[in-house]
Amino acid sequence: MRRLLALAVALWGCSSVERGDGLFPDLDAAPADAAPPLTDGGLRVDMGATGPLEDAAGQWLLWVEDRKCLEALGTSVENIIWSTYLVDVAEVSEDDLQVVLRQHVRLCGQELSPLVAGLRTVVPAAIPESLEPHYLSGFLLGRDPGDAYFTAELVDLWGATDIAPVEALPTSVDDPRVRDTEGDDAPGVTFVVVNRNGEPACDVQVVQRTRLRFRGTVLGPDRIEGEVESAVDKVVLAASSGLCSVDNDLPPSAGESRFVLRRAAGAAGGLNLDFDGSGTLDCAEVRDAEQLLMQAGTFPRATPDDQLCR
């Protein structure tokens, strides 16, 4: 709770609290009478710092908005997957052509947009908490705003082991490659489908593989943004009802899938989510901050548009 209060003060200020170091140092340095930029909802937008990305090393927050199409209950709808990762970045080498980055990527949380009839798939926190982090190579073709950034492929496999990126997923709970990822005594990983009131409607055990590539541009010393190329494969192993038992393809929506990569530990004028002063962020701090960061315009979410899937 203390972290959330500190973050709220940093985002919007409070007249009864003495001003201290804020979450957005570049905005905090603005004149007192300067009007902050606003979102449509009236909240301040975090514009980020300006200048070249002189040193990419440090902790970053990666936010991904992956737009897919889903056939459900006889209709096609847009299903958006929002994922948040904590990324530790180290610079490996640099020459005249590129800067090579070693990125240690850990999933902190994932949320999906509602489907038809108010149904929504919930990814329990136990799933990301049980996953091992990945190492992902990244590349900068320069350090100035507008210079390109891209990565190798990130392959995130849930509910199974020892499966190649293009290999068919297991279809049976008896397959020795299937494993109980989050330790709930059920095969694969368990998603919960809830109704519009948040009440469980059914649960489903699946094996899922997500493949992601990122391509974007440097926008400042604390920010990289761009497009996401992704593929999601999923096999249902078991379900508590027929509502959850159908395998679904998830082709890309006509909407743009995108990512935002932001510094998260205060370096180079960027966000500082290290409220306990430990010098190192963890996923608990990221989850505490995520909702307020979205409300402040740091990670603006798209609204699902079913017409993009028809």
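Bear in mind the structure is a predicted one, so any value in this text is a computation, not a measurement. In what follows, residues are counted from 1 in the order of the sequence shown.
Using a 3.5 Å distance cut-off with no hydrogens or angles, the side chains of Thr190 and Asp203 do not pair a donor with an acceptor. When only modelled atom types and interatomic distance are considered, Glu65 and Trp82 share a side-chain donor-acceptor pair under 3.5 Å.
When all heavy atoms are compared, the tightest approach of Pro52 to Pro145 is CA-CD, 4.1 Å. Across every non-hydrogen atom of Pro187 and Val173, the tightest pair is CG-CG1, 3.5 Å. Taking both residues in full, the closest heavy atoms of Trp158 and Gln110 are given as CH2-OE1, 3.5 Å, listed atom of the first, atom of the second, then distance. The shortest heavy-atom contact between Thr303 and Ile80 is C-CD1, 4.2 Å. Closest heavy-atom contact between Pro252 and Cys69: O-SG, 3.8 Å. Closest approach of Leu212 to Val228, counting heavy atoms only: CD2-CG1, 3.8 Å.
Cluster annotation: Phe150 and Val92 are assigned to the same hydrophobic cluster (Ile/Leu/Val/Met/Phe/Trp/Tyr, side-chain heavy-atom contacts under 4.5 Å, transitive). Residues Leu169 and Val204 do not share a hydrophobic cluster, clusters being chains of Ile/Leu/Val/Met/Phe/Trp/Tyr side chains in contact below 4.5 Å. Cluster membership check: Leu219 does not share its hydrophobic cluster with Val64, using side-chain heavy-atom separations under 4.5 Å among Ile, Leu, Val, Met, Phe, Trp and Tyr. Hydrophobic clustering of Ile, Leu, Val, Met, Phe, Trp and Tyr side chains at less than 4.5 Å, counting indirect connections, keeps Val193 apart from Val235. By the rule that hydrophobic residues join a cluster once side-chain heavy atoms approach within less than 4.5 Å of another member, Leu157 and Val206 end up as members of separate clusters.
Within the 3.5 Å criterion, the main-chain N or O of Phe139 finds no donor-acceptor partner in the side chain of Gln98. When atom types are taken as modelled, the side chain of Asn79 and the backbone of Leu115 share no donor-acceptor pair closer than 3.5 angstrom. Checked by atom type and distance alone, the side chain of Thr298 never pairs as donor or acceptor with a backbone atom of Met294 at under 3.5 Å. Between the side chain of Glu91 and the backbone N or O of Ala56 there is at least one donor-acceptor pair closer than 3.5 Å. At distances below 3.5 Å, not a single donor-acceptor pair connects side-chain atoms of Asn195 with backbone N or O atoms of Leu119. Checked by atom type and distance alone, the side chain of Gln295 never pairs as donor or acceptor with a backbone atom of Leu292 at under 3.5 Å. Side-chain atoms of Asp276 come within 3.5 Å of backbone N or O of Ser278 as a donor-acceptor pair. Thr151 contributes a side-chain N or O that, together with a main-chain N or O of Phe214, makes up a donor-acceptor pair within less than 3.5 Å. Side chain of Arg143 to backbone of Glu54: a donor-acceptor contact under 3.5 angstrom is found. Although no hydrogens or angles enter the test, the distance criterion places no donor-acceptor pair under 3.5 Å between the side chain of Glu290 and the main chain of Arg287.
Considering Lys68, Arg67, Arg310 as possible partners of Glu78, the one that fulfils the salt bridge (Lys or Arg N to Asp or Glu O under 4.0 Å) test is Arg67.
Residues Ile163 and Pro170 have side chains in contact (heavy-atom distance under 4.5 Å, counting atoms from C-beta outward). Looking only at side-chain heavy atoms (C-beta outward), Ser113 and Pro304 come within less than 4.5 Å of each other. Contact of the Leu61 side chain with the Val87 side chain is not registered, since no non-hydrogen atoms from C-beta on lie closer than 4.5 Å. Counting only heavy atoms from C-beta outward, the side chains of Val232 and Gln208 approach each other to under 4.5 Å. Between Ile127 and Val189 there is a side-chain heavy-atom pair separated by less than 4.5 Å. Taking the side chain as every heavy atom from C-beta outward, His134 and Glu132 never approach each other to under 4.5 Å. Annotation: side chain of Thr181 is in contact with side chain of Leu131 (closest heavy-atom distance under 4.5 Å). Side-chain contact between His104 and Gln59: absent, with no pair of heavy atoms (C-beta onward) separated by less than 4.5 Å.
In Asp185, the CG atom is not crowded: 12 or fewer heavy atoms of neighbouring residues, nucleotides or ligands sit closer than 6.0 Å. Under a cut-off of 6.0 angstrom, the local environment of CG in Asp144 is crowded, with over 12 non-hydrogen atoms contributed by other residues, nucleotides or ligands. No more than 12 heavy-atom neighbours from other residues, nucleotides or ligands sit within 6.0 angstrom of CG on Asp96.
Using a 4.0 Å cut-off between charged nitrogen and carboxylate oxygen, Arg106 and Glu129 do not count as a salt-bridge pair. Under the 4.0 Å criterion applied to side-chain N and carboxylate O atoms, Glu227 and Arg213 are not assigned as salt-bridge partners. By the 4.0 Å N-to-carboxylate-O rule, Glu229 lies too far from Arg215 to be salt-bridged with it.
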**Request:** Under the side-chain contact (heavy atoms from CB on, under 4.5 Å) rule, what do Glu94 and Val100 come out as? Steps first, then yes or no, please.
**Result:** CA-CA 6 Å; Glu94 180 177 6; Val100 179; over 6 Å; no
**Request:** Go through Leu141 and Asp147 one step at a time and tell me if the side-chain contact (heavy atoms from CB on, under 4.5 Å) criterion holds.
**Result:** CA-CA 6 Å; Leu141 303 186; Asp147 285 339; 5.5 Å; no
**Message:** Assess the residue pair Asp156 and Arg209 against the criterion (salt bridge (charged side-chain N to carboxylate O under 4.0 Å, His left out)); give the C-alpha distance rounded to whole Å, side-chain angles, the decisive distance to 0.1 Å, and a yes or no.
**Reply:** CA-CA 6 Å; Asp156 206 6; Arg209 178 177 55 214; over 6 Å; no
**Request:** Applying side-chain contact (heavy atoms from CB on, under 4.5 Å), run through Val207 and Val178 and close with a yes or a no.
**Result:** CA-CA 8 Å; Val207 173; Val178 172; 4.3 Å; yes
**Request:** For the pair Leu101 and Tyr149, evaluate side-chain contact (heavy atoms from CB on, under 4.5 Å) and give the outcome as yes or no after the intermediate values.
**Result:** CA-CA 10 Å; Leu101 308 175; Tyr149 163 86; 4.0 Å; yes
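Between the CG atom in Asp162 and the CZ atom in Arg177 there is a gap of 8.5 Å [rounded to 0.5 Å]. Atom SG of residue Cys283 and atom CG of residue Leu86 lie 5.5 Å apart, to the nearest 0.5 angstrom. Between the CD atom in Glu153 and the CZ atom in Arg211 there is a gap of 4.5 Å [rounded to 0.5 Å]. The structure places OG1 of Thr84 at 8.0 Å from CG of Leu107, a figure rounded to the nearest 0.5 Å. To the nearest 0.5 Å, atoms CG (Leu53) and CG (Asp55) are separated by 7.5 Å. Interatomic distance, Arg262 CZ to Leu271 CG, rounded to the nearest 0.5 Å: 4.5 Å.
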